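Single-structure report; data block below.
Per chain, numbering begins at 1; letters A, B, ... match sequence-line order. Since the structure is predicted, the reported quantities are computational estimates derived from the model, not experimental observations. In what follows, every heavy atom counts, from backbone to side chain, and hydrogens, waters and symmetry copies are set aside.
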Amino acid sequence: MSKYTLSIASSPFPQTHQTKPTPQIIQNDLQHTFKSPFELKQIHAQIIKTNTHPSILHLPHVASVCALTPCFPYARKIILLSGNNETAIWNTCLKQFAESSSPDDAICLFNRLCEYGVCLDDFTISFVLKACTKLSDCLSGRVIHGFIEKLGFQSNLYLQNSLVHLYVVSGEVDNAHQLFDKMRDRDVVTWNIMIKHLVKRGNVDDAYRLFVTMPERNVRSWTSMIMGFVKNGKPKEAIELFSKMEGEKLCPNEVTVVAVLAACADLCALDLGKKIHDFSNRSGFKTNVRVCNTLLDMYIKCGCLEAACIVFDEMEQRTVVSWSAMIQGLAINGRGEEALRLFSKMIQSQIKPNEVTFVGILHACSHMGMVHEGREYFASMSRDYGIVPEIEHYGCMVDLLSRAGLLKEAREFIKNMHIKPNGVIWGTLLGGCRVHKNIELAEEAIKHLLELDPRNDGYYVVLSNIYAEAKRWEDAARVRKLMKQKGVKKTPGSSSISLDGVVHEFVAGDETHPQTEAIQERWDTLLEEMRLRGYVPNTSVVLLDIEESEKVRFLFRHSEKLAVMFGLINTANGAPIRVMKNLRVCEDCHAALKLISEIVDREIVVRDRNRFHCFKNGVCSCKEFW
DNA sequence: CTAGGGTTAG
């Protein structure tokens, strides 16, 4: 509260020797600072006392302070007295509400404006539509639509576009199309809205067709389309489109950078990611938190934790997203203690953790076997931070317990969950059963999985592996037969490696690559040295019904091996090799890559479906905790 | 005073 308000409040009978506030003081100190109609009235009283013109008050502030209170008519009076355009003042206020974190305030205010007969214009409508869009409130939207007709704004392109956007966002597809079809004029904004609309519905192909045929494209159109590809699992297409955009001499902005970096993260395309990073710095995007967060994520997903740390340290502002990304990055790289330390630092920095932060924290615990800590953090998240655990958090707990060999406890935990367990939960338990060789529980898990997620080949494969490792070949064969019966096919293993901006992909068993011979040669040479160091091929991971020698042959053509050989051939001595795999790394490849990292004295980073394995000097960062 | 892209997990 200001000193001025205090002096009034504390002395109902102002003493004569007290200096009267001059209009200047009112203007400088108070016009922006009053926070309630009560304070406003006190100031107004002074204005009257000192015979000052009311226009000295900052009217949009007067409006927003009184808008939703019983003092609305009072504010109106002041505004009318000031001789300003009332509609413009309320519009400013509406805009502020619409852009705030509670856009429903704008809708309340709009209702009041109608109630009191305030004159509405097209700006008024546009702001209240913005609020409806933010809230996906198409019920209010329809009312506003009515106002547009009543007030004769039907042909205002801004409002038409806003309406189409609202209908699109709130899922009223038919209404959106009807409006779109009726529009006499359309501009690039209209087309961009339609692109977003299709991309939302997962219809990237149609979106792209529209993108190609629309009469005009600007940076936002390109960015939306690039983002559309990324969001729909087509990062390669996203990057291809980005190079086309560069060819058009259009300048990428912050959002474009975010989209392309996300594509790089998905593809593990570190070289392009670095280029975009340079471009971003040169363009002055360094202060943009979202750009920095996406950069962080890109470096983490490319296995460059050190680069991520530098970005993180240099950030001017860090949000909960930055901290969570970093915690997760450390966690999946087997640096759990550091992840937990970072969490403490985050709390010290007064940043409130959210549900995602705790996914990272629990990952850190489960990947390090820190059962006690994991339990404590799980309890703490709802107790200390009011975050209700979601299925992902339960999944982390099942993972934590079952990795640590506490399978029965994991089973009990699932029984006591407050949410119905999904396939991921049972699948996690199944994974634990494999590591700790518990066939009985595995069979229980698979029963649930056959019900919940029968099309997912991964679960059959794990169960079959469990049987194979226990030398129960008939059971293993039975599982594979079951897969066949249900028409479930094993997803082929596939690994990729990015070199000079080109992503090279290797599918297990592939012998068609132009460098196949060189890859084979390199492998054979390494194999000799590996055998000397004790490597024995582990064919139990091969689930095909083939001869042992064929199994070995296939094992040696696992995609991650091929990709790493390719990397060794095509990069400088000593350069790290980064490979991404679509499934989990198999045990045999894991053992082989440990040895290879030692023999060739290189760092080999493999990002698999679950985490990173950083092989260096014969050991892996996962410390055998998968 | 108007309309259309963006970050962490799964």
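- Side-chain N/O atoms of A:N293 and base N/O atoms of B:dG6 include no donor-acceptor pair closer than 3.5 Å.
- Side-chain N/O atoms of A:N192 and base N/O atoms of B:dG5 include no donor-acceptor pair closer than 3.5 Å.
- The CZ atom of A:F211 sits 14 Å away from the C1' atom of B:dG4 (whole-angstrom rounding).
- Annotation: A:K274, atom NZ; neighbour count of heavy atoms from other residues, nucleotides and ligands within 6.0 Å does not exceed 12.
- Nearest to the side chain of A:N156, among B:dC1, B:dT2, B:dA3, sits B:dT2.
- Atoms NE2 (A:H197) and P (B:dG5) sit 14 Å apart, rounded to a whole Å.
- A sub-4.0 Å separation between OP1 or OP2 of B:dT7 and a side-chain N or O of A:K231 is present.
- When heavy atoms are screened at a 4.0 angstrom cut-off, A:V291 is found touching base atoms of the nucleic acid.
- Both tests pass for A:R217 against the ring of A:F211: distance under 6.0 Å to the centre and angle within 45° of the axis.
- The base of B:dT7 has none of its N or O atoms less than 3.5 Å from a complementary donor or acceptor on the side chain of A:T294.
- With B:dG4, B:dT7, B:dG6 as the choices, the nucleotide that has an atom nearest any side-chain atom of A:I193 turns out to be B:dG4.
- For A:F127, the listed nucleotide lying nearest its side chain is B:dC1; candidates were B:dC1, B:dA9, B:dT8.
- Checking A:S82 against A:N84 by side-chain atom types alone, a donor-acceptor pair falls below 3.5 Å.
- A donor-acceptor contact under 3.5 angstrom links the side chains of A:N192 and A:S221, judged on distance only.
- In this model, the phosphate group of B:dG10 is approached by a side-chain N or O of A:H363 to a distance below 4.0 Å at OP1 or OP2.
- Residue A:N610 contributes atom CG, which lies 11 Å from atom C1' of B:dG10 at whole-angstrom precision.
- Look at CG on A:L120: it is 17 Å from P on B:dT2, rounded to the nearest Å.
- Side-chain atoms of A:S162 lie closest to B:dA3 of the nucleotides B:dT7, B:dA3, B:dA9.
- Both geometric conditions, a ring-centre gap below 5.5 Å and a plane tilt below 30°, are fulfilled for A:Y158 over the base of B:dT2.
- Of the candidates B:dG6, B:dC1, B:dA3, B:dG6 carries the atom nearest the A:V255 side chain, counting heavy atoms from C-beta on.
- Under 4.0 angstrom from either OP1 or OP2 of B:dA3 there lies no side-chain N or O belonging to A:H165.
- Atoms CG (A:L198) and C1' (B:dG4) sit 14 Å apart, rounded to a whole Å.
- For A:S224, taking side-chain heavy atoms from C-beta onward, the closest of the listed nucleotides B:dC1, B:dG5, B:dG4 is B:dG5.
- Here the nucleotide nearest the side chain of A:L157, chosen from B:dG5, B:dA9, B:dA3, is B:dA3.
- Residue contacts shown for A:Q160 are absent, as no nucleic acid heavy atom lies under 4.0 Å away.
- A glycosidic torsion no more than 90° from 0 defines the syn conformation, and B:dG5 adopts it.
- At a cut-off of 3.5 Å, with distance as the only test, no side-chain donor of A:T428 or A:D399 sits close to an acceptor on the other residue.
- At a threshold of 4.0 Å, the pair A:R76-A:E86 counts as salt-bridged, since one of the basic side-chain nitrogens sits closer than that to a carboxylate oxygen.
- In this structure, A:Q317 atom CD and B:dT8 atom P are separated by 18 Å, rounded to whole Å.
- Listed candidates were B:dG4, B:dT7, B:dG5. Nearest to the side chain of A:N218 is B:dG4.
- Considering only the side chain of A:K130, B:dA3 comes nearest among B:dT8, B:dT7, B:dA3.
- Residues A:T357 and A:N354 bring a donor and an acceptor atom of their side chains to less than 3.5 Å of each other.
- Proximity note for A:A88 (side chain, C-beta onward) versus B:dT7, B:dC1, B:dG4: the nearest is B:dC1.
- When heavy atoms are screened at a 4.0 angstrom cut-off, A:V164 is found touching no nucleic acid atom at all.
- Proximity of A:K196 to the phosphate of B:dA3: no side-chain N or O atom is located under 4.0 Å from OP1 or OP2.
- Rounded to whole Å, the distance from CG on A:N84 to P on B:dC1 is 13 Å.
- Residue contacts shown for A:V359 are limited to sugar-phosphate atoms, with no base heavy atom under 4.0 Å away.
- Rounded to whole angstrom, the span from the CG atom of A:L342 across to the C1' atom of B:dT8 amounts to 13 Å.
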